[in-house]
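Within every chain, numbering begins at 1; the chains are lettered A, B, ... in the order of the sequence lines, protein sequences first and strands thereafter.
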Amino acid sequence: MFLDFRRDVESLLRDSLDRCEFESMIREEGTIDLELETCPHADLASTVSFRLAPVLRRSPASIAKDLENMIELPPDGLVGRVEAMGPYLNFFSSRRFLDSVLVQAQGDECWNASPKGRAIVEHTSANPNGPLHVGHIRNSVIGDTLVRILRRAGYDVESQYYVNDMGRQIAIVVWGLDRYPMDESKPDHAIAKVYIEANRDLEADLSLVSGVDELMQRYEAGDQEVAARFRSAVDLALFGLGETLVRLNISHDSYHWESEFVRDGSTEQILRSLELTGLTELDEGALQLDLSSEGFEKKLVLKRSDGTSLYTTRDLAYHRWKAQVSDRVVDVLGADHKLISGQLKAALRLMEVREPEIVIFEFVSLPTGSMSTRTGKFITADELLDEVESQAYQEVTTRRPEEGEEFRRAVAKDVGLGAVRYDIVKVSPDKATTFDWKSALDFEKLSAPFIQYSHARACSILRKADQKEFDPRLLAAEEEVALIKKIAQFDMVIERAAAELKPHQLATYARELAESFNQFYRCSPVLEAEPRIKEARLALVNAARKCLKVTLETLGIPAMEAM
RNA sequence: GGGCGUGUAGCCUAGCCAGGACAAGGCGGCAGCCUCCUAAGCUGUAGAUCAGGGGUUCGAAUCCCCUCACGCCCGCCA
């Protein structure tokens, strides 16, 4: 679709540069950047003339004119028109392009890119010491959307949850379970209560801390009885976490426990590999890595003086394994991991292991300050989902009073899920946000229901008519052409979001697509149009419906047929 | 103190990495549209020294430097 058009424009422009012999004049600088971009004035515009002007000592406008004159448009290509507008070189798609988009969009193949390789995306990986809160799910939603985008872009993706089962937090939970029984609530919530109580005790009486240390040492040493207690506590928490993730339409293909990488010896192998670099040293019994050559002043501790391993060392083992079995490794991490992930990458470089691509998201705070599992200051994802769904139920009851209970419940569930996911994914990950109930419960334009609604309207039209043969050339109204072009951009948006790992670009596209459809909906009546126009418009509605559905699914948001 | 990130209308956000043709949306405000395919929609309107200052450039919200404000980090925690 649009990528085909862009490829044709690139080749036409390169040919033209060759014919004008511009390229040879500045070849020593390498190939010319064609400077193609989408803009309001053309389907693709090039500003390459500005770049050429100082080298050729000519005005950008005259260069653009020459380039325009030297372009030979094939009679039946995707590029319909080229026009030098001052210094800009504007390219417009052809009628054939619009027709082919409309035909392709009736099928299912055009929504998936060709195979690219294997990718591993690690996301969520919250400590199993409590439920997911509204900060954690920013990780989950960004991560899961990236998984879906990469799949669309042609990657064979495995999503992984890295379980921190060897950390202090989980040892505190295991220790606390001896003193406090879990109550009847959802297991992750019950574990959090134990964790909060245990922390309170440990802070009140520092002599208790040795009990936690001992548990950690026995776990790492392979004590069977302790291992069983750890496993049982972690499993309980993960079970609860998993239920929340299901509500968010998120699932992981595999779970990997930190302790795996200790037991199979790969953490020890990491230590040996790093010792070979000659940059390690013992300081008071602890093994440290000097990363000053990589720009880190502080030394990275790899092994405690009591011989136990540390999070980063185990993480290095995990990352070396991931790099070995895939073509792309992506981690989604909170802003508090910026430094440590930089050190991780540096250590991997020293071992000549391919570094992961790290997507950092900034924190979600509450109006009252930052969240904390330890002190119990958080809004859980479960609470949020309950509240949003209940609000959505009221909305749908107001708007569709004639519909039955079952319909309204189902719509509320899908609207609620969509609203939560879209609200998170629409914001760029590097923006810190403050959680706000009012905005979370808003179902208007800049939200998922806006897009779901467009899809439902398209479905409603299609339900009322049978699709027959159509002539795409009959779609020439401004809004119709704009909608076709917007649909065509799907492949480019996916490619870019997958390359840059920016899921919010897809959220922006989804809103634009829905807007284009709504404008078409207003201007072009379908069912009442004369037969041949009606068939063509039905085909466009069908194309838009498919594109909206695929876009929503890639965002992990349900596309209902009615709402 | 050092590092990283952010600062765009009353509020929230896109655009910034790859500088280019009028800074794009939403919420809220104001004025309209349901004898017409679902009004969770659509149309119009008002509202911006793109944090501030300097620099590079034919051209800067976008690149560089400085300042200010906010967030995160700088553990033998994870």
Side-chain angles (χ1 to χ4, degrees), chain A residues 33 35-37 39-42 45 47 49-50 53-54 59-60 85-88 90 125 127 129 164 166-170 258 283-288 295-298 301-312 314-315 334-340 342 360-363 365 370 392 395-396 398-400 411 415 419 426-434 436 438-439 442-454 456-465 500 502 504-505 507-508 511-512 514-515 518-519 521-529 534 537-538 541 562-563:
Chain A
D33 182 351
E35 315 257 348
L36 285 171
E37 54 189 41
C39 73
H41 314 278
T47 53
S49 312
F50 285 112
S59 75
M85 180 65 82
Y88 303 96
N90 291 340
S125 303
N127 285 329
N129 61 348
N164 303 148
M166 301 190 76
R168 188 157 209 95
Q169 282 92 333
I170 191 61
E258 277 193 285
D283 183 21
E284 293 180 18
L287 187 69
Q288 305 196 338
F296 295 93
E297 281 185 32
K298 296 232 172 172
V301 178
L302 298 169
K303 196 175 185 178
R304 293 191 186 92
S305 47
D306 68 1
T308 56
S309 62
L310 282 125
Y311 168 82
T312 315
R314 302 185 292 258
D315 211 17
D336 52 339
H337 283 69
K338 271 185 241 183
L339 178 63
I340 194 70
I360 296 280
F361 66 93
E362 292 289 329
F363 268 48
S365 54
S370 47
E395 288 285 333
V396 70
T398 310
R399 293 169 197 273
R400 307 279 176 263
V411 169
V415 163
K426 74 183 179 189
V427 181
S428 166
D430 43 32
K431 214 133 186 165
T433 61
T434 303
D436 168 33
K438 191 170 168 287
S439 142
D442 179 16
F443 301 133
E444 287 186 24
K445 194 165 185 176
L446 207 56
S447 72
F450 173 79
I451 303 151
Q452 292 171 314
Y453 185 65
S454 293
R457 275 173 149 184
C459 290
S460 169
I461 292 175
L462 293 169
R463 267 196 301 274
K464 292 174 179 151
E500 300 178 11
K502 299 216 167 135
H504 76 279
Q505 292 175 352
T508 302
R511 193 207 78 228
E512 290 170 356
E515 269 171 359
N518 289 345
Q519 270 153 30
Y521 185 93
R522 171 174 58 91
C523 299
S524 300
V526 178
L527 300 176
E528 302 301 317
K534 178 178 165 184
R537 286 183 181 166
L538 276 172
V541 172
M563 64 182 278

From [options], nucleotide with atom closest to [X] side chain:
X       : options                : answer
E362(A) : C22(B), G5(B), G26(B)  : G5(B)
R168(A) : C37(B), C72(B), C77(B) : C77(B)
N90(A)  : C73(B), A21(B), C42(B) : A21(B)
K431(A) : G7(B), A21(B), G71(B)  : G7(B)
V411(A) : A40(B), G5(B), C42(B)  : A40(B)
F450(A) : G25(B), G41(B), A18(B) : G41(B)
E284(A) : C76(B), G28(B), G5(B)  : C76(B)
E258(A) : G71(B), A78(B), G41(B) : A78(B)
D430(A) : C77(B), A18(B), G5(B)  : G5(B)
T508(A) : C42(B), C74(B), A14(B) : A14(B)

Check: Going by 5.5 Å between centroids and 30° between planes, is there a stack of Y88(A) over A21(B)?
Finding: yes
Notebook entry, point to check: F50(A) stacking on G20(B): centroids under 5.5 Å, ring planes under 30°?
Noted result: yes
With [atom1] as the reference atom in both, quote the distance from [N] to [M] in angstrom, rounded to an integer.
N      : M      : atom1 : result
C64(B) : U56(B) : P     : 15 Å
G19(B) : C50(B) : C1'   : 15 Å
C65(B) : C58(B) : C1'   : 23 Å
A61(B) : A51(B) : P     : 10 Å
G55(B) : A48(B) : P     : 27 Å

Does [X] reach the main-chain N or O of [Y] with its side chain, forming a donor-acceptor pair under 3.5 Å?
X       : Y       : value
N127(A) : N129(A) : no
K464(A) : L527(A) : no
R537(A) : P525(A) : yes
R304(A) : S309(A) : yes

Checklist line | Within the 6.0 Å centroid threshold, strictly below: Y88(A) and F50(A) | finding: yes
Margin query: If the glycosidic angle sits within 90 degrees of zero it is syn, else anti. Tell me which applies to C34(B).
Written below: syn
Check: Closer than 4.0 Å, any side-chain N/O of R304(A) to the OP1 or OP2 of A78(B)?
Finding: yes
Look at the side chain of [X] and the base of [N], then say whether one donor and one acceptor between them are separated by less than 3.5 Å.
X       : N      : answer
E37(A)  : A21(B) : no
S305(A) : C76(B) : yes
Q519(A) : C42(B) : no

Notebook entry, point to check: Is there a side-chain contact between E284(A) and S305(A) (heavy atoms, below 4.5 Å)?
Noted result: no
